[in-house]
Amino acid sequence: MKFRTLMRHIRVGCRNIIRNGWMTIASIGAVTTTLILVSVFLALVLNLNEIAKNIENDVEIKTLVELGTSEEEVIALGKQLEEIDGVEAVTFSSNDEELQGLIDSMGEEGETWELFEQDNPLNHAFVVRAEVPQDTEKIAKEIQSFDNINKVVFGKDVVKQLFEFNNYARVIGIALIVALVFTAIFLISNTIKITIIARSTEIGIMKLVGATNGFIRWPFFIEGLLLGVLGSFIPIAIVLGGYYYLDSAVIDTISFSFVELLPFNPFAWQLSLLVLAIGAIIGVWGSVMSIRKYLKV
Amino acid sequence: MKFRTLMRHIRVGCRNIIRNGWMTIASIGAVTTTLILVSVFLALVLNLNEIAKNIENDVEIKTLVELGTSEEEVIALGKQLEEIDGVEAVTFSSNDEELQGLIDSMGEEGETWELFEQDNPLNHAFVVRAEVPQDTEKIAKEIQSFDNINKVVFGKDVVKQLFEFNNYARVIGIALIVALVFTAIFLISNTIKITIIARSTEIGIMKLVGATNGFIRWPFFIEGLLLGVLGSFIPIAIVLGGYYYLDSAVIDTISFSFVELLPFNPFAWQLSLLVLAIGAIIGVWGSVMSIRKYLKV
Amino acid sequence: MILMKDVYKTYSNGVTALSGINVDIKQGEFVYIVGPSGAGKSTFIKLMYREEKPSSGTILINDMNLAELKNRQIPLLRRKIGVVFQDFKLLPKLTIYENIAYALEVIEEPQANIRKRVMDVLEEVGLKNKARSIPSELSGGEQQRVSIARAIVNRPQIVIADEPTGNLDPDTSWEIMKTFEDINSNGTTIIMATHSKEIVNTMKKRVIAIESSMIVRDEDQGEYGYEI
Amino acid sequence: MILMKDVYKTYSNGVTALSGINVDIKQGEFVYIVGPSGAGKSTFIKLMYREEKPSSGTILINDMNLAELKNRQIPLLRRKIGVVFQDFKLLPKLTIYENIAYALEVIEEPQANIRKRVMDVLEEVGLKNKARSIPSELSGGEQQRVSIARAIVNRPQIVIADEPTGNLDPDTSWEIMKTFEDINSNGTTIIMATHSKEIVNTMKKRVIAIESSMIVRDEDQGEYGYEI
Ligand SMILES: Nc1ncnc2c1ncn2[C@@H]1O[C@H](COP(=O)(O)OP(=O)(O)OP(=O)(O)O)[C@@H](O)[C@H]1O
Ligand SMILES: Nc1ncnc2c1ncn2[C@@H]1O[C@H](COP(=O)(O)OP(=O)(O)OP(=O)(O)O)[C@@H](O)[C@H]1O
Ligand SMILES: [Mg+2]
Ligand SMILES: [Mg+2]
C-alpha cells in the first residue's frame with residue numbers, strides 16, 4: 001500500500017465517523033456504557049480483593065508455652081518458631097502480658113480477674129504471623145509438633161470460613177469480570193456489526209467499482225479504532241474522577257481499619273489504560289470481523 | 001383500528017422478526033446479554049442483602065445484673081427489659097450458665113477456670129435482642145438507666161462497623177443495580193435504534209404510499225415486544241437453572257451459618273418474571289421511541 | 001382539481017427547482033410533463049403528494065390546501081394519489097405481492113379484496129409470475145412495472161407517474177400507456193413526466209414543458225419539446 | 001476480447017435468465033444489446049464484470065477466464081471495465097465528486113490527477129456545478145450521468161452501460177452518446193443495453209437482440225427490434 005493510500009484511508013475513516021451521524025453516536029454510546037460497566041466493576045473487584053487480602057493478613061497463630069518451661073527453652077522455642085518456612089514475624093508475650101490483655105479485653109468485667117495477678121495461671125505465649133495467610137493452618141500444625149507446647153490456637157473455623165468465603169468471592173468476582181469483558185466485547189462488536197449490516201449495500205457497490213477487500217477494510221479499521229477510542233473517553237474520565245474522589249474524600253469518613261483502597265497512582269492510571277486498550281481492540285476487532293462477511297465475493 | 005388490521009400488524013411484526021435475519025439475531029443477542037447481566041446481578045445483590053441481614057440479626061445485647069440482686073428484682077428486671085420498645089426477645093442466663101459458657105468457649109484452656117465453679121464470681125445476665133438490629137445501640141442505652149444493672153455489653157464497635165459496612169454495601173449494590181438497569185435500557189434501545197435507522201428508507205417509502213404513523217408503528221411495536229421477550233428467554237433459563245443449581249448443590253458445601261440464599265420458590269420465579277417484563281418493556285419502548293424520529297412528516 | 005398558484009421551490013442547499021409555477025389541471029385530464037434533465041419535473045410532482053413542501057405559493061388538490069394540511073392528514077391525501085416513483089421506491093424486504101398489497105392494507109381493505117385486486121393488477125402489468133419474488137430479483141423494467149401496479153391498485157383519483165417507461169422497451173411501454181389511457185377514460189386524472197418523444201407525439205395530450213425551473217409551454221394536444 | 005461460449009445462467013430462485021449464449025466481441029467494437037423487459041440483458045452484462053457467475057459455459061475477457069478467476073483477481077478485472085449500472089449504484093453518503101473519485105482512488109492515483117480527471121469528466125456530463133451535492137439531492141437523470149462519469153473516469157478498456165439514457169431527455173441522451181462514440185473511437189470497447197429505438201436506428205452499430213434468455217439476432221449495423 002502506498003503511503004498516500006494509507007493517508008486516504010485514515011482521512012476516509014475519520015470522515016465516515018462524522019458522516020454517519022446517528023450511527024456513530026449510537027455506536028460510541030454502546031462502547032461508552034459497556035466500558036463504564038467494565039471499568040467500575042474492575043475497580044470494585046480489584047479493590048475488594050485487596051480488602052480481602054488485608055483482612056486475611058490480620059490472622060495470627062497464638063502458641064501457648066507449657067507451664068514450667070525454663071527461660072532458655074522459651075528462648076529456644078522462639079528461635080525455632082522464627083525458622084519455620086513461611087513465618088513472617090514472631091512476637092513474645094509473657095504470661096503477665098497475657099493476663100493484662102485478658103483483663104483489658106474484658107473491660108470492667110475483667111476487674112474480677114485482677115485477683116489472679118499474684119498467682120497467674122496463664123501460660124507464656126508466642127504470636128506467630130504467616131507470610132501468606134493461607135499457610136496459617138500448615139504452620140500451626142508444624143508448631144504443634146514442637147516440644148514445650150501447651151497449645152496452638154488460631155481462629156481455625158473463623159479463618160477457614162473467611163478464607164473460604166474470600167476464595168468464593170474472589171472466584172465469583174473474577175468470573176463476573178471475565179463475563180463482563182466478554183459481554184462488553186459482544187455488545188460492542190454486535191453494535192458495530194449492525195451498523196455494518198446497514199452499510200452492506202455500500203460495501204457491495206465499492207466492490208463493484210473495483211475496490212479490493214483491503215481497500216474497503218482499511219477505513220472500517222480506522223473507524224472501529226476511533227469508535228473504540230472515542231467510546232473509552234467518558235469511562236476513563238469516570239474512572240479517574242470517581243476514583244480520585246473516593247480515594248481522597250469518602251474513605252476518610254469510613255472507619256474500618258481493613259478498608260484501604262489501591263493507591264490512585266498507579267492503579268487508576270493502569271485501569272484507564274486497560275479500558276482504552278479494551279475499547280480500541282474491540283472496536284477494531286468488531287468492525288473488521290463484521291465486514292468480513294460482506295467482503296466475500 | 002379494525003380487528004383484521006390488528007391481526008395484520010401482529011402478522012407483519014412476526015414476519016419482520018424472521019425476515020430481518022442478522023439484524024434480529026444481533027438485536028436479540030444484545031437483549032440477551034444485557035438481561036443476563038441484569039439478572040445475575042439482581043440475584044447476587046438481593047442475596048447479599050439477605051446475608052447481610054442475617055448477620056445483623058445475630059447481634060445481641062448482654063445485660064449483666066448487679067451482684068447481690070434479689071431473685072424478685074431479677075425477675076422484675078426481666079419484665080422491664082421485655083417491655084422496652086423494639087425489643088424482640090429477652091433470654092435469662094444465670095451466673096452458673098455464664099461460667100459454663102465461658103469455660104466452654106475457652107476450650108481446653110478453660111479447664112483452669114473450673115475451680116471457680118464453687119465460688120462463681122460472675123453475674124447473672126439477660127440476653128436482649130432488638131427487633132430491628134439498628135436499634136441495638138438505643139436499647140442498650142435505655143437499659144443502662146435501669147436499676148440493678150452492673151453492665152451492658154454489646155460489640156459496640158464491631159456492630160457499628162458492620163452496620164456501616166452493610167449500609168455502604170447495600171447502597172453500592174442498589175446503585176449498581178439501578179445503573180445496570182439503565183445501562184440495559186440504553187444498550188437495548190440503542191441497538192434497536194440502529195436497526196431502525198437502517199430501515200429509515202423503508203419507513204419513508206411506507207409514508208409515501210399513504211400509511212399513517214400508527215399503521216407503521218404497530219408492527220414495530222410488535223417486533224420490539226417479540227425482540228424483548230425472545231431476548232429474555234436465555235437469561236430466564238440461566239436464572240432458573242443457575243439458581244436452582246446454587247440453591248440445591250453448591251450451598252450445602254459452603255459452611256458459613258450466615259449464608260442462606262433466598263428460597264428458589266418464589267424468588268427465582270419472581271426474578272424471571274421481572275427479567276421478562278424488563279425485556280418486553282424495553283423492547284417495545286426502544287422500538288417505538290426510535291421510529292418516532294422517522295415518522296415526523 | 002389540482003391548482004398551483006405562484007409556486008416556488010428552493011431546496012435547502014440553495015438550488016431553485018421551481019419558480020413561479022401556475023397550473024390548473026381538471027379532473028380527468030391527461031397531462032405530460034416534459035423538460036430536460038434537472039428541469040424540475042420530479043420536484044413539480046413531489047409537491048403534489050407532499051413529499052416536498054413549496055417554499056412559497058399555494059397548492060390546492062381536490063380543494064385541500066396543501067399549505068394548511070396537518071401532518072396526520074397527509075396519509076389521506078396520499079391515498080387519493082397513486083404515484084409511480086422515478087426510482088421505484090419498492091420495499092426491499094417485501095415480495096412483489098406484498099409491496100402492492102401494502103397500498104391496500106393502509107386503507108384497511110379486507111384480505112380477500114386485496115388478493116383479487118393485486119393479482120388483477122399484476123396481470124395487467126404482466127408480472128403475475130413474479131408475485132413471490134422480492135424486488136432485487138427483478139429486472140429494472142420489472143421493478144418499474146411493480147411501481148406502476150402499486151400506484152393504480154387502489155384506483156386512486158389521481159395517478160402521478162415520474163418517467164414510468166424509462167426502463168421499459170417500446171412494446172411494454174405502449175402496453176403501460178394503454179393501461180393509463182384506460183384508467184384515464186374512467187375519469188382518473190393522469191400526470192406523467194416523460195422523456196419519450198415517441199409517446200408524447202403519438203398519444204397526443206396536454207403537454208406542460210418545464211425548463212430551468214419554469215413552465216415554458218402549456219398546450220393541449222402538444223408535441224414533445226421544451227425549447228421556447 | 002470478450003468471448004462467451006455456451007453460457008447459461010439460472011438464478012437461485014430457478015429463473016433462467018440466459019441460455020446458450022455465444023458471443024464474440026472484438027476490441028474497439030460498439031455493441032447495442034436490445035430486447036424486451038426481463039429478457040436477460042442486464043444478466044448478460046453482469047456476467048462480464050463478474051457480478052454474477054454463469055451457471056455453465058465459458059467467459060473470456062482479455063484472455064482472463066472468468067470461471068478460473070480467483071476472488072482477489074476480481075477487482076483487477078473490474079478496474080478494466082467501466083460499468084454504468086441500470087440502478088446507478090452511487091454511494092449515498094459520498095458527494096458526487098467523491099463518488100467519481102472513488103474509481104480512481106482504488107487504483108491509487110495521486111490526488112492531483114484525481115482532481116483533474118474528476119472535474120474533466122463532470123464537465124463532460126454537464127454536472128460540474130453538482131460536485132459537492134450528494135446523490136439524493138440530484139434528479140434521476142443527473143444521478144444517471146454521475147454513474148456514466150464514474151464508469152469512464154479511469155479510461156477503462158471496456159465500458160459497459162446498462163440503459164444509460166433511460167432517465168435522460170433526448171438532447172442529453174445524444175450528448176452522452178457522442179461521449180461514448182468519442183471514447184469508442186479512441187479504442188474503447190462499448191457494450192450498451194438500451195430501449196431507445198431512436199438511438200439504435202440513428203447511430204448504427206452492431207446489435208445483439210436478446211429475447212426470453214436467448215440471442216435471437218446479432219448483426220452489424222443493425223436496427224432496433226428483437227422479433228425474430
Ligand atoms: N432533494 C434535493 N435537494 C437539493 N436539490 C435537489 C433535490 N432534488 C432535486 N434537486 C435539484 O433540483 C433540480 C430539479 O430536480 P428534479 O428532480 O425536479 O429534476 P427533473 O426534471 O425530474 O430531472 P430528471 O429528468 O433528470 O429526473 C435539479 O437541479 C436537482 O439537482
Ligand atoms: N438476482 C436475481 N434473482 C433472480 N432472478 C433474477 C435476478 N435478476 C434478474 N432476474 C430475473 O432474470 C430475468 C432477466 O433479468 P434481467 O435483469 O437480465 O432483464 P433485462 O433484460 O435487463 O430487463 P430490463 O430491460 O427490464 O432491465 C428476469 O426475469 C428477472 O426477473
Ligand atoms: Mg425526475
Ligand atoms: Mg436490465
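Order of the sequence lines sets the chain letters (A, B, ...), proteins ahead of strands, with each chain counted from 1.
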Do [X] and [Y] make a side-chain contact, defined as non-hydrogen atoms from C-beta onward lying under 4.5 Å apart?
X: D/R79; Y: A/T212; result: yes
X: D/F85; Y: A/L208; result: yes
X: A/K207; Y: D/R78; result: yes

field: Over all atoms of both residues, closest heavy-atom pair of A/A211 and D/P75
entry: O-CG, 3.8 Å
- prompt: Heavy-atom distance under 4.5 Å to chain A: side chain of D/E109, backbone, both or neither?
  reply: backbone
query: Which bit of D/R72 comes within less than 4.5 Å of chain A, counting heavy atoms only: side chain, backbone, both or neither?
result: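 The answer is neither part of D/R72.
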Donor-acceptor contacts, no H, no angles, side chain residues 60-69 of chain D, under 3.5 Å, sequence neighbours left out:
unit_1	atom_1	unit_2	atom_2	d
D/N62	ND2	D/Q157	OE1	2.6
D/N65	OD1	D/A67	N	3.0

query: When only pairs under 4.5 Å are counted, which of D/L76, D/L90, D/L91 shares the most heavy-atom pairs with chain A?
result: D/L91
[atom1] of [X] to [atom2] of [Y]: how many Å apart, nearest 0.5 Å?
X: D/Q111; Y: A/M7; atom1: CD; atom2: CE; result: 11.0 Å
X: D/K89; Y: A/M206; atom1: NZ; atom2: CE; result: 13.5 Å
X: D/E108; Y: A/T5; atom1: CD; atom2: OG1; result: 3.5 Å

field: Crowding at CZ, D/R155 (>12 non-hydrogen neighbours, <6.0 Å)
entry: no
task: Determine whether more than 12 heavy atoms belonging to other residues, nucleotides or ligands lie under 6.0 Å from atom OH of D/Y11.
output: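 More than 12 within 6.0 Å, yes.
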- prompt: If contact means a heavy atom pair closer than 4.5 Å, which residues of residues 11-29 of chain A contact chain D?
  reply: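 Listed by number: A/R11, A/R15, A/R19, A/N20.
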query: Taking only heavy atoms into account, what residues of residues 94-102 of chain D are found under 4.5 Å from chain A?
result: D/L94, D/T95, D/E98, D/Y102
Please tabulate, one pair per line, all N/O donor-acceptor pairs under 3.5 Å involving side-chain atoms of residues 118-133 of chain D, not counting sequence neighbours.
unit_1	atom_1	unit_2	atom_2	d
D/D120	OD2	D/K116	NZ	2.8
D/E123	OE1	D/K128	NZ	3.1

message: Quick test of your reading of the model: are D/K93 and A/E202 salt-bridged, counting only N-O distances below 4.0 Å?
response: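 So D/K93 pairs with A/E202 through a salt bridge.
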